[in-house]
Amino acid sequence: MFSPFSCKQTYFSFYFCFTTVFLNIESNNRYLIKNSLGQKIYYAAEDSKCCSLLFCGSHRCFAIHITDNFGQIVMDILRPLRCSKCCFPCCLQELEVQAPPGTPVGYVIQNWHPYLPKFTIQNERREPVLKMTGPCVLFCFSDIDFKVTSLDETTFVGKIKKQWGGFIKEAFTDVDNYEIQFPKDLDVKIKAVLIGACFLIVSSLYQFV
């Protein structure tokens, strides 16, 4: 079972750095995952077809394979080809998390909203567990929080934060840092799904191919 959460801290931080080749054609992204101590604990690599990269852009289907420091795949993140615009409410983003590969542990489903990025976190039985909501302004000169709450949106559970890297880094590079925070007693499967939710935010809202 995917379990990077043996540390007894209340919150854990994962920093996702994705890099692309500075060409006119987008390449498969690579990610580095660290714990709150800055230690490298996992690597993630996107597996997308060339045609998807060329013609589908940020809406492309992909598989992301997460490996440990020994090169073993511990988790797969699968996204089908979907839309993300409010005018297509029947075909919004969704994502499946498998840990270990072949064993679904949860899903991230985009909910229709005219201007807010809203998602539902589901368990392996596709039962809603948590809600996640981002701001209406996705680009500003500060950190951007996607709050994770209870289903009735009254209790704060955690957040996924896109860290502001400074004007030069934001404007001229394709490297971003994301931090995930959640309580230590949260179900380990849901923690894995929240990692998947971070990848969905990165790929659907902050990548322009």
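The structure displayed is predicted, hence computed values, not measured ones.
Arg79 and Glu94 make their closest contact through CG-O, 3.3 Å (heavy atoms, listed as atom of the first residue, atom of the second, distance). Among all heavy-atom pairs drawn from Glu124 and Pro104, the shortest one is CB-O, 3.4 Å. Pairing each heavy atom of Ala197 with each of Ile121, the nearest pair is CB-CD1, 4.2 Å.
Here Tyr107 sits in one hydrophobic cluster together with Ile109; the rule is ILVMFWY side chains under 4.5 Å apart, joined directly or through other members.
Remark: Ser150 pairs with Asp152 by the side-chain hydrogen bond (donor to acceptor under 3.5 Å, both in side chains) rule, at least two apart or across chains. For the side-chain hydrogen bond (donor to acceptor under 3.5 Å, both in side chains) test, residues two or more places apart in sequence or in another chain that qualify with Glu96 are Gln98. Listed by chain and residue number, Asn123, Arg125 satisfy the side-chain hydrogen bond (donor to acceptor under 3.5 Å, both in side chains) test with Glu127 (two or more places apart in sequence, or in another chain).
Cluster annotation: Val105 and Leu78 are assigned to distinct hydrophobic clusters (Ile/Leu/Val/Met/Phe/Trp/Tyr, side-chain heavy-atom contacts under 4.5 Å, transitive). Cluster membership for Val108 and Leu186, using ILVMFWY side-chain heavy atoms within less than 4.5 angstrom, is shared.
Here the side chains of Val148 and Phe182 are not in contact, with every heavy-atom distance at 4.5 Å or above. Proximity of Leu32 to Tyr43: side-chain heavy atoms (C-beta onward) are separated by under 4.5 Å at one or more points.
We find the NZ-CG distance between Lys40 and Asn35 to be 12.0 Å, quoted to the nearest 0.5 Å. For the atom pair Cys198 SG and Lys162 NZ, the distance stands at 11.0 Å (nearest 0.5 Å). In this structure, Ile73 CD1 and Ile64 CD1 are separated by 12.5 Å, a value rounded to the nearest 0.5 Å. Atoms CD1 and CG, on Ile195 and Leu200 in that order, are 14.0 Å from each other to the nearest 0.5 Å. Remark: Thr103 OG1 to Met75 CE distance equals 13.0 Å, nearest 0.5 Å. Between the CD atom in Glu153 and the OG1 atom in Thr149 there is a gap of 4.5 Å [rounded to 0.5 Å].
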Side-chain polar contacts of residues 130-146 - donor-acceptor pairs under 3.5 angstrom, sequence neighbours left out - could you list them?
residue : atom : partner : partner atom : Å
Lys131  : NZ   : Thr120  : OG1          : 3.0
Thr133  : OG1  : Lys118  : NZ           : 3.3
Asp143  : OD1  : Trp164  : N            : 2.7

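Counting non-hydrogen atoms of other residues, nucleotides and ligands closer than 6.0 Å to NZ of Lys147 gives a total of 12 or fewer.
Of the residues listed (Asp76, Ile77, Val74), the one engaging His65 in a side chain to side chain contact (heavy atoms under 4.5 Å, CB included) is Asp76, and it is the only one.
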For a side chain to side chain contact (heavy atoms under 4.5 Å, CB included) check, start with the C-alpha distance between Val129 and Asp187, then their side-chain angles and the critical distance, and finish with the verdict.
CA-CA 11 Å; Val129 177; Asp187 186 339; over 6 Å; no
Checking Thr67 against Tyr42 for the side chain to side chain contact (heavy atoms under 4.5 Å, CB included) test, could you report, in this order, the C-alpha distance in whole Å, the side-chain angles of both residues, the deciding distance, and whether it holds?
CA-CA 6 Å; Thr67 59; Tyr42 291 101; over 6 Å; no
Under the side chain to side chain contact (heavy atoms under 4.5 Å, CB included) criterion, do Asn111 and Leu92 qualify, and how do the steps go?
CA-CA 7 Å; Asn111 305 127; Leu92 295 176; 5.9 Å; no
Output, in order, the C-alpha distance, side-chain angles, deciding distance and verdict of side chain to side chain contact (heavy atoms under 4.5 Å, CB included) for Ile66 and Phe199.
CA-CA 11 Å; Ile66 297 180; Phe199 282 109; 4.0 Å; yes
